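Keep in mind the model is a prediction, meaning the values are calculated, not measured. The first residue in the sequence is number 1, and the count goes up from there.
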Amino acid sequence: MRTLLDKKASLPVVVPVTARPTTPRLLTWGWAAALCALYATVAVRRHQLLRTTGYDLGIFEQAVRAYAELRAPVVPLRGEGFNLLGDHFHPLLAALAPLYRLWPSPLCLLVAQSALLAVAVVPLARWADRALGRRPAHAVAAAYGLSWGIASAAAFDFHEVALAVPLLSFCLEALGRRRWRAAVAWAAPMLLVKEDLGLTVAAVGAYIAWRGGPRRLGIATALAGITGSAVEVMLLLPAFHPGGSYAHGGNLDEGRGSLLSTLAHAPLDALRPDIKAMTLVLVFAPSALLALRSPLSLIAVPTLAWRMLSQNAFHWGTAFHYSAVLMPVVLAGLIDALTPWRRDAGPLAARHVRASLATVLAVTMVMLPSFPLALLAQRATWRTTPHVAAARALLARIPDGATVAASNRLVPQLTSRCTVVVFPAFPVAGRLYEYDRKRLPRPTAEWIVFDRRPPEAWPYRSGHWPYPLQQQLAELSAAQKEYGYERVAHRDGITLLRRGRP
């Protein structure tokens, strides 16, 4: 209520004031709850249909399970004695250990990832409500929640980058409201999520110094981000890796023969082949390209740069989880770009904001069927096939605590209760591809479970991994003929073997 003075009667007049403070909280957290349920439904259903994989859900579950048991994150799927901190630097994964201790299941990681991706909508919707209004806040929340980058991450196993998405989202809101120290506080933990995110922290610091924030704070943050990434790549990761090197250094090697030549060709290499240019456009498409008008979009540059200059073709496209951390940047850029128009009280400015958000929603709806959230509308998603039922029945025959070599898409069905490696890539000192495939080492697992016809699993093509079917069949035959494994059961293309007594 607000009290005013009546000029004629000189008496106080009580005038009601609309109470808005509680509504944004309901708006933002309501969106977060709905999106969490949406993402979790897709992720859990994929797992139930055997569409998740050992690479990567099984790997991360083995790491988090180790943390939950107060052990180093040694991951048998990556090799004998392989510490996963030698692959990517993500000690913040240990934060999920208490939750996993209460719920030791791959579903724990899938639901946790869904919640992390969904919570990132809270600061974006809250900022949009303050800067643009209630209806625009709903539009921004929908554009983020249904964006292809978030959908692709939610529907592909589990990845550490999910921890960075809400951190960056809260950081961007703080930057938009010029709360510089809060922005740095939200950005700093990203150094513990993945080694490349130190460059994103550096971009946050550069933005603060450039946009009128405390210059010393901005410069210090930029230096801390660059130094953090350098220390992780050059010192920490090699220290944990069995080979004593950075596992992914080959993705950014000197493809042009010399550093100078590589730098000279970098602008063209960032756009070739054509899939790179397409991805760059699609990254900003959820904002109808309006985010490009905001300086905040520059915070996406480090992630886009290493992806486009990488030699790994998986980094160039729209599949997998690589674009998840970019979506908060794009939607924050949209809010920032529209805010000056909202401050203008003229009808033309209001129409511009409405037309922009209508375009954003139209682009979102057009892109939705091409990405994984559309799985919810497919009949096959809700049908459990005889093949899936057969796999579950055979896997149930493997006792808890056993050692198992399993086909890639059967691995995460077992990692919560067994020690699992991928068949036929028996663990060899952390090297999956480097040893002679014609002389594979003697299998050591007690059980082998092999799926001759694995189900389709976006974003991978249907087929066998890590080796062609004929080679896997040869290894399955060798296990029985040469190494004394006995067939326990065979059903619908799935074979279950157990090592015989010596």
Between side-chain atoms of residues 159-175 and protein atoms elsewhere (two or more places apart, or another chain), which donor-acceptor pairs fall under 3.5 Å?
{"unit_1": "His159", "atom_1": "ND1", "unit_2": "Phe156", "atom_2": "O", "d": "3.3"}
{"unit_1": "His159", "atom_1": "NE2", "unit_2": "Asp56", "atom_2": "OD2", "d": "2.7"}
{"unit_1": "His159", "atom_1": "NE2", "unit_2": "His321", "atom_2": "ND1", "d": "3.4"}
{"unit_1": "Ser169", "atom_1": "OG", "unit_2": "Ala120", "atom_2": "O", "d": "2.6"}
{"unit_1": "Glu173", "atom_1": "OE1", "unit_2": "Arg126", "atom_2": "NH2", "d": "2.8"}
{"unit_1": "Glu173", "atom_1": "OE2", "unit_2": "Arg126", "atom_2": "NE", "d": "2.8"}
{"unit_1": "Glu173", "atom_1": "OE2", "unit_2": "Arg126", "atom_2": "NH2", "d": "3.4"}

Could you pull out every donor-acceptor pair under 3.5 Å between side chains of residues 289-302 and any protein atom, sequence neighbours left out?
{"unit_1": "Ser294", "atom_1": "OG", "unit_2": "Leu296", "atom_2": "N", "d": "3.1"}
{"unit_1": "Ser294", "atom_1": "OG", "unit_2": "Asp336", "atom_2": "OD2", "d": "2.6"}
{"unit_1": "Ser297", "atom_1": "OG", "unit_2": "Ser294", "atom_2": "O", "d": "2.8"}

**Asked** Can you check side chain to side chain contact (heavy atoms under 4.5 Å, CB included) on Leu77 and Phe82, steps first, answer last?
**Response** CA-CA 8 Å; Leu77 281 163; Phe82 190 100; over 6 Å; no
**Request:** Applying side chain to side chain contact (heavy atoms under 4.5 Å, CB included), run through Leu85 and His90 and close with a yes or a no.
**Result:** CA-CA 7 Å; Leu85 290 175; His90 39 49; 4.0 Å; yes
**Request:** Would you check, one step at a time, whether the test side chain to side chain contact (heavy atoms under 4.5 Å, CB included) holds for Met367 with Leu146?
**Result:** CA-CA 9 Å; Met367 297 180 70; Leu146 302 179; over 6 Å; no
**Asked** Would Glu446 and Ile398 count as a side chain to side chain contact (heavy atoms under 4.5 Å, CB included) if you check the C-alpha gap in whole Å, the side-chain angles of each, and the deciding distance to 0.1 Å?
**Response** CA-CA 10 Å; Glu446 301 171 53; Ile398 300 174; over 6 Å; no
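Taking each heavy atom of Ala143 and Leu331 in turn, the nearest pair found is CB-CD1, 3.7 Å. Contact between Arg51 and Leu375 at its shortest, heavy atoms only, is NH1-CD2, 4.3 Å. When all heavy atoms of Arg342 and Ala131 are compared, the pair lying nearest together is CG-O, 3.2 Å. Taking both residues in full, the closest heavy atoms of Thr28 and Arg25 are given as OG1-O, 3.2 Å, listed atom of the first, atom of the second, then distance. The two residues Ala32 and Val119 have their closest heavy-atom pair at CB-CA, 4.4 Å. The two residues Leu191 and Gly225 come nearest to each other via the heavy atoms CD2-O, 4.0 Å.
The closest donor-acceptor contact from the side chain of Gln62 to the backbone of Leu84 lies at 3.5 Å or more, if one exists at all. In this structure, the side chain of His47 does not engage the main chain of Leu110 through any donor-acceptor pair within 3.5 Å. One N or O on the side chain of Arg307 and one on the backbone of Gly317 form a donor-acceptor pair closer than 3.5 Å. Looking only at distances, a side-chain donor or acceptor of Ser147 sits under 3.5 Å from a matching main-chain atom of Tyr144. In terms of modelled atom types and a separation under 3.5 Å, the side chain of Asn83 and the main chain of Ala72 share no donor-acceptor contact.
By the 4.5 Å heavy-atom criterion applied to side chains, Trp306 and Leu199 are not counted as neighbours. In this structure the side chain of Leu117 never reaches within 4.5 angstrom of the side chain of Leu35, judged on heavy atoms. Between Arg65 and Pro104 there is no side-chain heavy-atom pair separated by less than 4.5 Å. For the pair Cys108 and Leu99, the minimum side-chain heavy-atom distance is below 4.5 Å. Two residues are said to be in side-chain contact when any heavy atoms from C-beta on lie closer than 4.5 Å; Leu338 and Pro136 fail this criterion. Side-chain atoms of Thr279 and Val283, non-hydrogen and from C-beta on, do get closer than 4.5 Å to each other. In this structure, the side chains of His315 and Phe320 stay at 4.5 Å or more apart for every pair of heavy atoms. Side-chain contact between Ile59 and Arg78 is present, with at least one heavy-atom pair separated by less than 4.5 Å.
A side-chain donor-acceptor contact under 3.5 Å links Asp87 and His248. In summary, the side chains of Thr384 and Arg45 do present a donor paired with an acceptor at a separation below 3.5 Å, with no hydrogens or angles considered.
Between Leu107 atom CG and Thr52 atom OG1 the span is 8.5 Å, to the nearest 0.5 Å. Between Leu38 atom CG and Ile150 atom CD1 the span is 12.0 Å, to the nearest 0.5 Å. Separation of atoms CG (Asp274) and CH2 (Trp316) is listed at 11.5 Å; rounding is to 0.5 Å. Within the model, atoms CZ of Phe371 and CG of Leu282 stand 6.0 Å from one another, a figure rounded to the nearest 0.5 Å. In this structure, Gln48 CD and Gln413 CD are separated by 9.0 Å, a value rounded to the nearest 0.5 Å. Put simply, CH2 on Trp148 and OG on Ser323 are 3.0 Å apart, with the number rounded to the nearest 0.5 Å.
Ion pairing of Asp451 with Arg409 is absent here, as no side-chain N (NZ or NE/NH1/NH2) approaches a carboxylate O to less than 4.0 Å.
Among the candidates Phe60, Tyr55, Tyr39, the single residue satisfying the ring-ring contact (aromatic ring centres under 6.0 Å, His included) test with Phe158 is Phe60.
Counting heavy atoms of neighbouring residues, nucleotides and ligands inside a 6.0 Å radius, atom CZ of Arg392 exceeds 12 of them. The local environment of CZ in Arg452 is sparse, with at most 12 non-hydrogen atoms from other residues, nucleotides or ligands closer than 6.0 Å. Sparse packing is recorded around CE of Met278, with 12 or fewer heavy atoms of other residues, nucleotides or ligands lying under 6.0 Å away.
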